[in-house]
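Scroll down for the structure; my scribbles are underneath it.
Numbered from 1 within each chain, the chains take letters A, B, ... in sequence-line order.
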Amino acid sequence: MSERILVAVAWPYANYLLHVGQVAGAYLPADIFARYQRLIGNEVLMVSGSDCHGTPITVTADRENVSPKDIVDRYHPKILEAWEKIGISFDLFTTTLTENHYETTQDVFTKLLSEGYLYTDKQAQLYDPESDRFLPDRYVEGICPLCSYKDARGDQCDSCGAQLDAVDLIEPRSIISGANPEIRESEHFFLRLSAFEEKLREWVGSQNHWRRNVKNFTLGVLDEGLKDRAITRDISWGIPVPIDGYESKRIYVWFDAVIGYLSAAKEWAASNESPESWKAFWEDENTRSYYFIGKDNIVFHTIIWPAMLLGYGNLNLPYNVPANQYVNFSKGQKQSKSKGTGNWILDLLDTYDPDVIRFYLTSILPETSDSEFQEEELIRSNNEMLIATWGNLVNRVFAMIHKNFSGEMPSCNNISTESISLLSEIDSAFETIGNAYAACEFRTALRESLRIAQLTNRYLDTRAPWKAIKEDPEHTAETLNISIQAISGIAKLLHPILPHSTTELFENLGFDSEDIGKNWSRNSVPEGTRLAKSKALYSKLESD
RNA sequence: GGCAGGGUAGCUCAGAAGGUUUAGAGCGCACGACUCAUAAUCGUGAGGUCCGGGGUUCGAUCCCCCGCCCUGCUACCA
């Protein structure tokens with residue numbers, strides 16, 4: 001029975017290159033999941049895009065004295081390039097600058113307004129009289145009221161780490177003009193989050209398949225009580241408010257960004273020449289939606305976006321939000337874009353094959369706690385695990401078949417109990433590993449797949465086909481035949497994680513890509529198949 | 001400060017409605033076997049006060065309390 005799965009992935013800001021932490025935290029797990037779902041025959045729609053609005057983009061643009069659009073035009077292609085190279089299989093990766101996204105966002109805004117979930121209220125804000133504009137907290141600096149640090153930012157003091165309110169800064173100054181900002185009242189639209197508190201609590205409380213930290217954290221926030229939140233800003237970069245009299249304001253970034261999941265599905269449908277097909281992914285309650293995000297993003301996906309969906313009506317709430325922790329870099333330092341300590345994924349891809357990176361990152365996915373990225377470890381994991389356990393297994397079996405059977409798949413006439421038990425281990429692994437993929441436990445899926453490879457290595461050692469060839473070629477033929485069947489099975493098990501190299505392997509085994517992706521089970525390699533004489537799937541890496 | 005997650009072998013991590021565990025796996029390390037294979041594989045072994053201190057209990061690494069450390073959020077930087 002084919003199911004329909006929406007794979008929604010966090011929208012990266014298009015003002016920086018992608019760093020490894022983002023890939024491991026959201027995009028790689030989402031891709032593994034999507035590939036698994038496609039492999040077992042489910043209908044998958046995987047979408048995301050560049051988040052093009054928001055303060056970080058305008059800050060970058062202002063600093064370089066270019067337009068926000070220029071920043072997006074520079075980084076969006078780089079993001080696409082990263083997906084292409086590491087193999088993140090989006091059905092659509094768009095941007096929040098499309099006409100479709102603007103329309104969808106304004107539609108959601110209008111609908112929430114007419115349903116009574118938006119209202120206007122006044123808010124005090126800092127205003128720069130010289131440059132004649134309202135200032136986000138980040139655009140204000142001054143003396144920290146707590147530690148007297150003289151260059152504290154309006155949102156946070158870099159010296160003592162305190163969270164600040166720009167209004168509290170001593171001797172505040174605009175970073176645009178240096179002028180002393182004044183406080184002005186401004187009218188904004190607010191999202192009536194408080195109206196959804198009970199419904200959300202009930203909904204979240206029943207999500208027993210969510211990760212513990214995601215559920216507890218969300219319930220904790222709900223217990224503190226939801227406050228209504230302003231969704232417009234006095235800025236010029238963003239989606240216009242579709243109401244007369246508010247031409248100088250824009251819808252704020254977090255409101256439009258989450259709507260991207262919906263607008264991207266619409267865009268995908270339109271480009272597929274079936275403009276209504278997005279509805280199956282949003283309105284059919286049997287469709288399950290998974291949101292892959294980092295832990296800093298949980299509230300937006302378990303409270304705010306669900307509230308917006310409830311307010312809009314008739315659209316599916318998230319089925320699961322498997323938020324990940326963070327990947328840290330040397331000595332617990334967080335992978336930070338703003339500090340410029342990046343291990344950019346594109347740089348890594350210049351040096352290493354995509355599957356080598358995917359293998360290592362999968363092994364350290366921060367599913368339950370923060371993990372640490374070390375390039376030395378990447379090299380070791382490639383040499384000591386990927387190649388030693390798996391690559392070498394493939395290589396030794398292929399080599400023996402080419403040496404003793406001219407590269408033709410040997411026959412298996414009598415099957416021994418050893419062979420039967422190996423194959424049954426593999427076939428039952430499809431169930432346990434399939435369950436792990438379905439539960440978004442990708443490290444487990446990888447570990448168990450390697451365990452099967454190890455069993456196959458052990459089988460080979462026990463059967464010693466290199467010895468048997470001398471006195472009992474039938475015995476050797478059986479061993480190598482069964483080993484190839486095992487390899488075919490393991491390749492399938494690993495395919496969501498290592499799509500590039502396993503596809504190559506499948507070709508070497510005589511399959512075409514059509515054969516691979518239709519069932520979640522071992523593809524049997526028929527006797528007599530010509531096995532390609534190929535170079536090794538992976539190469540050893542020097543650790544300088 | 002408050003809330004949440006984490007603190008387990010050299011490294012990366014599992015785990016446990018509290019007793020079947022003398023606390024597990026992989027890698028690394030030591031030794032042995034094998035030699036088909038990318039010095040790969042297979043076996044054996046060493047290695048841990050499960051962050052610290054109290055408490056509950058017949059029994060706690062797992063529950064409670066108090067600390068310490070890392071990370072995120074704290075509603076205007078998703």
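Across all strands shown, Leu537(A) has heavy atoms under 4.0 Å from base atoms, whether or not it also approaches the sugar-phosphate. In this structure, Arg443(A) reaches the sugar-phosphate backbone alone: every heavy-atom distance under 4.0 Å involves primed, P, OP1 or OP2 atoms, never a base. Across all strands shown, Asp296(A) has heavy atoms under 4.0 Å from sugar-phosphate atoms exclusively, and none from any base. Nucleic acid contact for Asn457(A): sugar-phosphate only, since backbone atoms but no base atoms lie under 4.0 Å from a heavy atom of the residue. Nucleic acid contact for Val214(A): none, since no nucleic acid atom lies under 4.0 Å from a heavy atom of the residue. The residue Leu226(A) sits close to a base: some heavy atom pair falls under 4.0 Å. Nucleic acid contact for Phe398(A): none, since no nucleic acid atom lies under 4.0 Å from a heavy atom of the residue. Nucleic acid contact for Val397(A): none, since no nucleic acid atom lies under 4.0 Å from a heavy atom of the residue. Among the protein residues, Ala536(A) comes within range of the nucleic acid bases, having at least one heavy atom under 4.0 Å from a base atom.
Among the nucleotides A40(B), G28(B), U41(B), the one closest to the side chain of Asp461(A) is U41(B). Nearest nucleotide to the Arg380(A) side chain, out of G10(B), C76(B), U38(B): G10(B). You'll find that the side chain of Trp466(A) is closest to C34(B), out of C34(B), C42(B), U41(B). Nearest to the side-chain atoms of Phe217(A) among the listed nucleotides C27(B), G72(B), A75(B) stands G72(B). Here the nucleotide nearest the side chain of Glu384(A), chosen from G28(B), U41(B), A37(B), is G28(B). Checked against C11(B), C27(B), C36(B), the side chain of Lys403(A) finds its nearest nucleotide in C36(B). When distances run from any side-chain atom of Met385(A) to the nucleotides G72(B), C36(B), C27(B), the shortest one goes to C27(B). Of the candidate nucleotides C36(B), C76(B), C73(B), C36(B) has the atom lying nearest to any side-chain atom of Ala399(A).
Under the Watson-Crick and G-U wobble criteria, each requiring two contacts below 3.5 Å, nucleotide U12(B) is paired to A25(B). Pairing for C34(B) is absent, with no Watson-Crick or G-U wobble pair whose two atom distances lie under 3.5 Å. Pairing of U57(B), defined by two Watson-Crick or G-U wobble distances under 3.5 Å, is not identified with any nucleotide. Base pairing of A39(B) is not made with any nucleotide, judged by Watson-Crick or G-U wobble geometry with both donor-acceptor distances under 3.5 Å. Nucleotide C3(B) has G72(B) as its partner under the Watson-Crick or G-U criteria, with both atom distances under 3.5 Å.
G28(B) and U21(B) have their P atoms separated by 28 Å, with the value rounded to a whole Å. Rounded to whole Å, the separation between the C1' atoms of U8(B) and A23(B) comes to 9 Å. Straight-line distance between the C1' atoms of C31(B) and U49(B): roughly 29 Å, to the nearest whole Å. Across the P atoms, G54(B) and C50(B) are found 14 Å apart, a figure rounded to whole Å. Rounded to a whole angstrom, the distance from the P atom of A60(B) to that of G18(B) is 13 Å. To the nearest whole angstrom, the two C1' atoms, one in C58(B) and one in C65(B), are 22 Å apart. The separation of C62(B) from A17(B), taken at their P atoms, amounts to 13 Å, rounded to a whole angstrom. Distance check on atom P: G19(B) versus G59(B) gives 14 Å, rounded to whole Å.
Protein atom CE of Met400(A) is 12 Å distant from nucleotide atom C1' of C34(B), rounded to whole Å. Nucleotide G26(B) holds its C1' atom 15 Å from the CD1 atom of Ile364(A), rounded to whole Å. Atom pair Glu448(A):CD and C13(B):P shows a separation of 18 Å (rounding to whole Å applied). Taking atom CD of Gln454(A) as the reference point, atom P of G26(B) lies 6 Å away to the nearest angstrom. The distance from atom CD of Glu197(A) to atom C1' of A75(B) is 13 Å, rounded to the nearest whole Å. Taking atom CD1 of Ile387(A) as the reference point, atom P of U38(B) lies 11 Å away to the nearest angstrom. Atom CD1 of Ile293(A) is separated from atom C1' of C73(B) by 12 Å (rounded to the nearest Å). Between the C1' atom of A4(B) and the CG atom of Asn216(A) lies a distance of 7 Å, rounded to the nearest Å.
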For Lys467(A) and Thr476(A), run side chain to side chain donor-acceptor pair (under 3.5 Å): C-alpha distance rounded to whole Å, both residues' side-chain angles, the deciding distance at 0.1 Å, then the answer. CA-CA 8 Å; Lys467(A) 236 183 241 170; Thr476(A) 298; over 6 Å; no
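The shortest distance between side-chain heavy atoms of Tyr437(A) and Phe442(A) falls below 4.5 Å.
Within the structure, a side-chain polar atom (N or O) of Lys540(A) is placed less than 4.0 Å from OP1 or OP2 of A40(B). Distances shown here put a side-chain N or O of Arg458(A) below 4.0 Å from the OP1 or OP2 atom of G43(B).
With respect to Asp461(A) and Arg396(A), a salt bridge is recorded, a charged nitrogen being found less than 4.0 Å from a carboxylate O. Note on Lys122(A) versus Glu185(A): no salt bridge recorded, every NZ/NE/NH1/NH2 to OD/OE distance being 4.0 Å or above.
Side-chain contact annotation: Ser416(A) with Glu478(A), donor-acceptor N/O pair under 3.5 Å present. One side chain, Gln485(A) or Asn481(A), offers a donor N or O that lies under 3.5 Å from an acceptor on the other.
Between Tyr261(A) and His301(A), the ring center distance clears the sub-6.0 Å criterion.
A residue-by-residue look at Phe255(A) and Gly225(A) shows that Gly225(A) has its nearest nucleotide of RNA chain B further toward the 5' end. The residue among Asp228(A) and His301(A) whose nearest nucleotide of RNA chain B is located toward the 5' end is Asp228(A).
Residue side chain Asn392(A) reaches the base of A37(B) through a donor-acceptor N/O pair under 3.5 Å, judged by distance alone.
Under a cutoff of 6.0 Å and an axis angle of 45°, Arg192(A) and Tyr117(A) do not form a cation-pi pair.
Ring geometry for Phe300(A) against Trp254(A) counts as tilted: the plane angle lies between 30° and 60°, on a 0 to 90° scale.
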